[in-house]
Amino acid sequence: MTESTDKQRLLDQRYMRMARIWAENSYCVRRKVGALLVKDKMIISDGYNGTPSGFENNCEDENNQSKPYVLHAEANAITKIARSNNSSDGATLYVTASPCMECSKLIIQAGIKRVVYGEKYRIMDGVELLERAGIEVVFLETKE
């Protein structure tokens with residue numbers, strides 16, 4: 001590894017730790033997911049999975065199934081930046097779980113060029129779509 005790849009790996013690990021901490025904000029019981037959007041070594045947006053603004057903070061129904069309107073962490077981070085004066089074009093997304101197909105479509109359209117994720121979900125079609133779109137995808141296994 002070169003010095004620059006060592007530095008990038010250290011940065012990736014730090015931002016992923018921060019994304020895991022951010023996931024703790026989620027009210028979801030079954031799975032807490034956090035996401036950070038980073039551009040030029042600055043966090044430009046963040047998100048965690050949960051219900052839309054103004055809704056109750058319960059992600060699961062009485063059968064412990066996720067409610068259909070729960071937003072994923074990536075979607076929250078991307079829609080949050082859409083309401084700001086920042087641009088996600090060329091940014092890196094750090095997310096604690098691999099993106100689903102729907103979030104991957106948003107990632108592509110948002111101009112995000114790199115995705116670092118920390119946990120493989122059982123369905124990996126979102127990651128496959130990102131790779132097909134030419135987005136750099138990095139699996140950074142959690143060692144904590």
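The first residue in the sequence is number 1, and the count goes up from there.
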Problem set entry | Cluster check V138, M18: I/L/V/M/F/W/Y, side chain < 4.5 angstrom | yes

For this session: Please answer: with hydrophobic residues joined when any side-chain heavy atoms are less than 4.5 Å apart, are V70 and Y27 in the same cluster?
Result: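 Each belongs to a different hydrophobic cluster.
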
Determine whether [X] and [Y] make a side-chain contact, defined as any pair of heavy atoms from C-beta on separated by less than 4.5 Å.
{"X": "L106", "Y": "E74", "result": "no"}
{"X": "V115", "Y": "P99", "result": "yes"}
{"X": "L93", "Y": "L36", "result": "no"}
{"X": "E119", "Y": "T96", "result": "no"}
{"X": "R9", "Y": "R14", "result": "no"}
{"X": "C59", "Y": "V29", "result": "no"}
{"X": "Y69", "Y": "T51", "result": "yes"}
{"X": "L37", "Y": "I112", "result": "yes"}

Donor-acceptor pair, distance only, cut-off 3.5 Å: does the side chain of [X] make one with the backbone of [Y]?
{"X": "S26", "Y": "G50", "value": "no"}
{"X": "S45", "Y": "K80", "value": "no"}
{"X": "S66", "Y": "E60", "value": "no"}
{"X": "D40", "Y": "M42", "value": "no"}

For this session: Answer yes or no on whether K32 is positioned over the face of Y48, meaning its NZ or CZ is under 6.0 Å from the six-membered ring centre and within 45° of the axis.
Result: no

Problem set entry | Heavy atoms from other residues, nucleotides or ligands near NZ of K7 exceed 12 (cutoff 6.0 Å) |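 Counting other residues, nucleotides and ligands, NZ of K7 stays at 12 neighbours or fewer.
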
Spacing of [X] atom [atom1] and [Y] atom [atom2] [to the nearest 0.5 Å]:
{"X": "T5", "Y": "L10", "atom1": "OG1", "atom2": "CG", "answer": "10.0 Å"}
{"X": "H72", "Y": "C28", "atom1": "NE2", "atom2": "SG", "answer": "8.5 Å"}
{"X": "D6", "Y": "E3", "atom1": "CG", "atom2": "CD", "answer": "7.5 Å"}
{"X": "L11", "Y": "M16", "atom1": "CG", "atom2": "CE", "answer": "12.5 Å"}

Exercise. Could you give all pairs that pass the side chain to side chain donor-acceptor pair (under 3.5 Å) test and reach residues 82-95, with sequence neighbours left out?
Worked result: D12-Y94

Problem set entry | side-chain contact (heavy atoms from CB on, under 4.5 Å) assessment of N64 paired with R30 | CA-CA 8 Å; N64 202 33; R30 291 175 56 216; 3.7 Å; yes

How far apart are the closest heavy atoms of [X] and [Y], and which atoms are they?
{"X": "P52", "Y": "L71", "answer": "CA-CD1, 4.0 Å"}
{"X": "I78", "Y": "I81", "answer": "O-CG2, 3.1 Å"}
{"X": "K41", "Y": "Y15", "answer": "O-OH, 3.2 Å"}
{"X": "A77", "Y": "A35", "answer": "CB-CB, 4.4 Å"}

Exercise. Would you call K67 and E56 a salt bridge, using N to O less than 4.0 angstrom?
Worked result: yes

Exercise. Given I44 and V38, is the side-chain contact (heavy atoms from CB on, under 4.5 Å) satisfied, shown in steps?
Worked result: CA-CA 6 Å; I44 58 171; V38 176; over 6 Å; no

Could you pull out every donor-acceptor pair under 3.5 Å between side chains of residues 121-137 and any protein atom, sequence neighbours left out?
from: E136; atom 1: OE1; to: R114; atom 2: NE; distance (Å): 3.4
from: E136; atom 1: OE2; to: R114; atom 2: NE; distance (Å): 3.3

